[in-house]
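Below you'll find the structure, written out as structure tokens, and then a few comments.
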Amino acid sequence: MIVHASPSFSGTAPHADLMPGCVPSLESQIIVLELISRPRTLSIILVIDTVIFSGTALQSEIHVKIPWSNWGPQYTCCFPHDPSYQISVFGSKMAYTLPRDHSPEPGQRLEKLSTAGHFYIHIWDFNKRAITRSGNFYNPDSPNLLVRKPGGVVQSCFDEEIISNHPYTATVCRAPFLTHGLRELFLEQDRLILTSVQPGTVDIQVVSPVQMDVGSDFTH
């Protein structure tokens with residue numbers, strides 16, 4: 001299992017050049033659990049709203065166990081996953097490298113990233129206020145699927161089917177990126193940082209996606 005979280009959530013100090021308003025608050029944060037399975041087709045990610053950690057019972061020094069039945073269905077979104085996909089989290093947003101330039105259908109599995117192909121960076125936002133403001137919920141007949149729902153995952157590392165009905169906003173960088181040499185992806189408030197390794201050199205690429213309005217696609 002791999003845990004992805006915002007720097008401030010995991011104890012890392014925020015960058016000095018970030019404005020105070022850009023530092024994610026505990027009220028609008030997620031953590032992503034990457035559950036790698038064998039076979040890899042059973043791998044999933046769980047996106048968890050950190051509001052479950054704000055209860056008074058977790059303020060004590062005693063370890064508190066929270067069973068899946070108490071927190072999973074209420075606060076978790078589940079997605080099919082492949083270990084070749086890169087993940088980065090900042091606040092309520094998650095950057096995700098996927099092999100296609102459109103959001104997958106609920107419960108749809110995608111092929112793994114080809115080492116000689118391209119990938120697209122998707123930005124998924126689980127902020128409830130942003131979702132409410134957009135007011136454009138999932139409609140399969142709409143050309144712009146701005147707000148999505150994960151749907152059900154039938155086959156996974158869990159014994160039972162997982163159904164996620166919590167909405168999220170989905171946008172994408174339309175320009176593709178080369179998969180070859182990609183090492184890390186970092187998401188900050190308004191920029192993406194990609195590192196790649198080529199023979200004899202390490203490349204760092206900074207991308208500033210611009211969101212035209214609430215729910216619109218990102219442009220490179």
Side-chain angles (χ1 to χ4, degrees), residues 1-7 10 30-48 76-126 145-146 148-158 162 164 168-188 190-211 217-220:
M1 181 177 67
I2 303 173
V3 180
H4 303 270
S6 297
S10 57
I30 60 171
I31 59 174
V32 177
L33 302 184
E34 185 178 357
L35 304 179
I36 309 300
S37 181
R38 297 292 183 270
R40 61 193 297 154
T41 54
L42 299 181
S43 299
I44 59 172
I45 57 172
L46 298 176
V47 182
I48 305 168
T76 300
C77 290
C78 180
F79 299 90
H81 178 63
D82 188 272
S84 64
Y85 305 163
Q86 292 271 357
I87 298 171
S88 182
V89 172
F90 186 90
S92 63
K93 296 180 180 180
M94 165 182 152
Y96 203 23
T97 60
L98 293 177
R100 301 183 185 176
D101 63 350
H102 58 273
S103 296
E105 292 300 315
Q108 177 188 9
R109 289 192 177 274
L110 299 177
E111 65 275 13
K112 71 176 184 178
L113 293 180
S114 171
T115 56
H118 295 79
F119 67 89
Y120 295 85
I121 299 178
H122 293 244
I123 307 292
W124 294 352
D125 193 348
F126 298 84
L145 304 180
L146 306 180
R148 309 297 303 271
K149 290 185 178 181
V153 178
V154 178
Q155 293 184 326
S156 72
C157 49
F158 288 92
I162 300 176
S164 303
Y168 63 98
T169 62
T171 54
V172 63
C173 269
R174 287 301 182 187
F177 297 86
L178 289 174
T179 306
H180 179 69
L182 176 67
R183 285 297 180 267
E184 295 290 343
L185 168 70
F186 301 96
L187 172 66
E188 289 190 343
D190 57 356
R191 64 184 176 185
L192 295 160
I193 301 175
L194 298 90
T195 62
S196 58
V197 177
Q198 305 295 340
T201 183
V202 176
D203 295 328
I204 298 177
Q205 186 176 6
V206 179
V207 182
S208 296
V210 178
Q211 191 173 18
D217 287 340
F218 281 67
T219 56
H220 174 68

Contact check, side chains of [X] and [Y], non-hydrogen atoms, under 4.5 Å:
X	Y	result
M94	L187	no
V197	E184	no
V202	R183	no
Y96	I45	yes
H118	L178	yes
V89	V47	no
I48	L33	yes
I193	I204	yes

Rounded distance [0.5 Å steps], [atom1] in [X] versus [atom2] in [Y]:
X	Y	atom1	atom2	result
Y168	K93	OH	NZ	15.5 Å
L192	F186	CG	CZ	11.5 Å
E34	S43	CD	OG	8.0 Å

- Is there a side chain to side chain contact (heavy atoms under 4.5 Å, CB included) between D82 and L113 once you walk through the steps? CA-CA 8 Å; D82 188 272; L113 293 180; over 6 Å; no
- Task: Carefully, step by step, assess F177 and T97 under the rule side chain to side chain contact (heavy atoms under 4.5 Å, CB included).
- Result: CA-CA 9 Å; F177 297 86; T97 60; over 6 Å; no
- Task: Work out which heavy atom in Y120 is nearest to a heavy atom in C173; give both atom names and the distance.
- Result: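 The pair with the smallest heavy-atom distance is CD2-O, 3.6 Å.
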- Query: Taking the side chain from T179 and the backbone from A116, do they hold a donor-acceptor pair closer than 3.5 Å?
  - Reply: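 No.
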- Item | Main-chain N/O of R100 paired to H122 side chain as donor or acceptor, under 3.5 Å |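 Answer holds: yes.
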- Message: Using ring centroids (six-membered ring only for Trp), state whether Y85 and F79 fall under 6.0 Å.
- Response: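 Aromatic pair excluded; centres sit 6.0 Å or further apart.
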- Task: Test side chain to side chain contact (heavy atoms under 4.5 Å, CB included) on I44 and L46 and set out the steps.
- Result: CA-CA 7 Å; I44 59 172; L46 298 176; 4.0 Å; yes
- side chain to side chain contact (heavy atoms under 4.5 Å, CB included) between L194 and I121, intermediate numbers included: CA-CA 11 Å; L194 298 90; I121 299 178; 3.9 Å; yes
